[in-house]
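Presented below is the structure to which this report refers.
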Amino acid sequence: MEPLDIRQVEALLTTAYVGRSLAYHPLTDSTNRVAKELAGHGAPDGTLVIADAQSAGRGRLGRQWLSPPNTNLLMSLLFYPPLRPDQAQRMTMVCALAAADSVAQVTGLAPQLKWPNDLLLGGIKVGGILTELGLRGSELAYTVVGIGLNVNLAREQLPEELRPLATSVAQELGRPVSREALLAAFLQGVEVRYDRLKAGESPMQEWAARLATLGQWVQVNEAQGAWQAEGLAESVDEDGALWLRLADGERRRILAGDVTLRKSQPNATK
Ligand code: BT5
């Protein structure tokens, strides 16, 4: 696999500012860490950090993100959105929608989203998002949205235990895909939605409509591992929280956690 062709990306790019400030690394520890460091140096809104390999790619809750070199998209976008900290998940929504659309646009495949931060193809994880916040006092100073998208990965390149849980765009399509074209389409989609957000529009309705999770009977493990339950994934709200209807009828709001779709849906939602 060839390294990312940054010149080609720049030639394809149609954005005004998203991705125009671009830091490419053949190898770094984590693009999210680099983007946070750049935030401290006043890097512009929409700065893109992109790597062909990461030595310490991060998932949520201390988990790892794995990717063979020169194969996938590993990137972080730095934003200074006009949002409160509790609204910062809207940037996750913006990027998740743009990522799903870029895959659809370039390949014709139809990715779905899974609460809170997964991209799925054929029901299997093809990408994940890790959003991190920087605070100034009680205000949101910046948001870093890290995206790992499996583009040309063959499942055999992952450790055995991950193979049943992961797929890639190429795997689903049956042929390799231009990472440069996907990236340019993604950045364009981000800019359109970020501009709308800055104009006061929330991406929540569009995000909710794309969530495979809603209307499903799911098992939820809350982020701190303190709570686990099954219920109907009823809705999401403007902050990206999931509202779960438990078997006894109680509603719970879950801000962060992991969701597993249950095959059987007990008839006990009322
Ligand atoms: C995520 O976490 O899905 C967020 C992943 C974000 C990665 C990007 S890469 C660029 C940027 N820089 C970073 O350092 N991170 C971001 P989570 O929901 O916690 O899922 C992590 C879990 O997904 C792992 O524990 C594995 O089970 C699984 N996993 C790891 N690598 C994978 C891959 N390539 N494809 C599918 N699943 C994977």
Side-chain angles (χ1 to χ4, degrees), residues 1 4 19 22-39 47-79 89 91-93 95-96 98-100 103 111-133 143-172 179 182-183 186-187 190 213 220-225 240 242 254-261:
M1 292 281 177
L4 199 68
L22 189 160
Y24 166 74
H25 299 265
L27 169 68
T28 188
D29 52 355
S30 154
T31 57
N32 265 39
R33 195 210 46 80
V34 176
K36 284 160 81 175
E37 190 178 295
L38 290 177
T47 292
L48 173 70
V49 179
I50 185 154
D52 262 325
Q54 295 182 124
S55 56
R58 303 204 286 246
R60 293 173 308 136
L61 310 166
R63 294 189 285 238
Q64 272 188 311
W65 188 257
L66 301 174
S67 174
N70 302 344
T71 306
N72 299 318
L73 286 171
L74 304 166
M75 58 193 170
S76 302
L77 280 165
L78 169 64
F79 301 106
Q89 286 312 316
M91 293 312 301
T92 311
M93 300 177 195
C95 292
V103 172
Q112 283 187 306
L113 306 179
K114 179 182 166 210
W115 188 90
N117 69 326
D118 285 355
L119 261 93
L120 308 179
L121 272 177
I124 301 179
K125 183 157 175 162
V126 69
I129 298 186
L130 172 66
T131 298
E132 299 187 84
L133 315 184
T143 308
V144 164
V145 185
I147 300 119
L149 182 65
N150 298 332
V151 181
N152 290 320
L153 176 84
R155 274 207 196 102
E156 305 70 55
Q157 293 176 288
L158 288 173
E160 212 169 324
E161 65 278 10
L162 260 185
R163 289 178 202 163
L165 309 174
T167 190
S168 72
V169 179
Q171 188 99 38
E172 297 300 311
R179 292 189 294 159
L182 262 182
L183 175 58
F186 166 69
L187 295 170
V190 170
T213 320
V220 177
N221 292 296
E222 251 188 334
Q224 284 77 24
L242 177 70
I254 299 142
L255 253 181
D258 288 301
V259 154
T260 316
L261 299 183

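Position 1 is the first residue of the sequence; numbering continues from there. In listed order, ligands and their atoms are each counted from 1.
- Distance check: Leu48 CG to Ile147 CD1 gives 8.5 Å after rounding to the nearest 0.5 Å.
- Minimum interatomic distance between Pro68 and Leu153 (heavy atoms only, all atoms of both residues): CD-CD1, 3.4 Å.
- A distance limit of 4.0 angstrom between heavy atoms and ligand 1 selects the residues Ser30, Thr31, Asn32, Gln54, Gly57, Arg58, Gly59, Arg60, Arg63, Gln64, Trp65, Leu66, Leu74, Met75, Ser76, Asn117, Lys125, Gly128, Ile129, Leu130, Gly146, Ile147, Gly148, Asn150, Leu162, Ala166.
- Gln54 CD to Thr31 OG1: the interatomic distance, rounded to the nearest 0.5 Å, is 4.5 Å.
- Residues Met75 and Leu22 form no side-chain contact, since every pair of their non-hydrogen atoms from C-beta on lies 4.5 Å or further apart.
- A donor-acceptor pair under 3.5 Å is absent between the side-chain atoms of Lys125 and the main chain of Lys114, judged by distance alone.
- How far CZ of Arg155 is from CD of Glu160: 13.0 Å, rounded to the nearest 0.5 Å.
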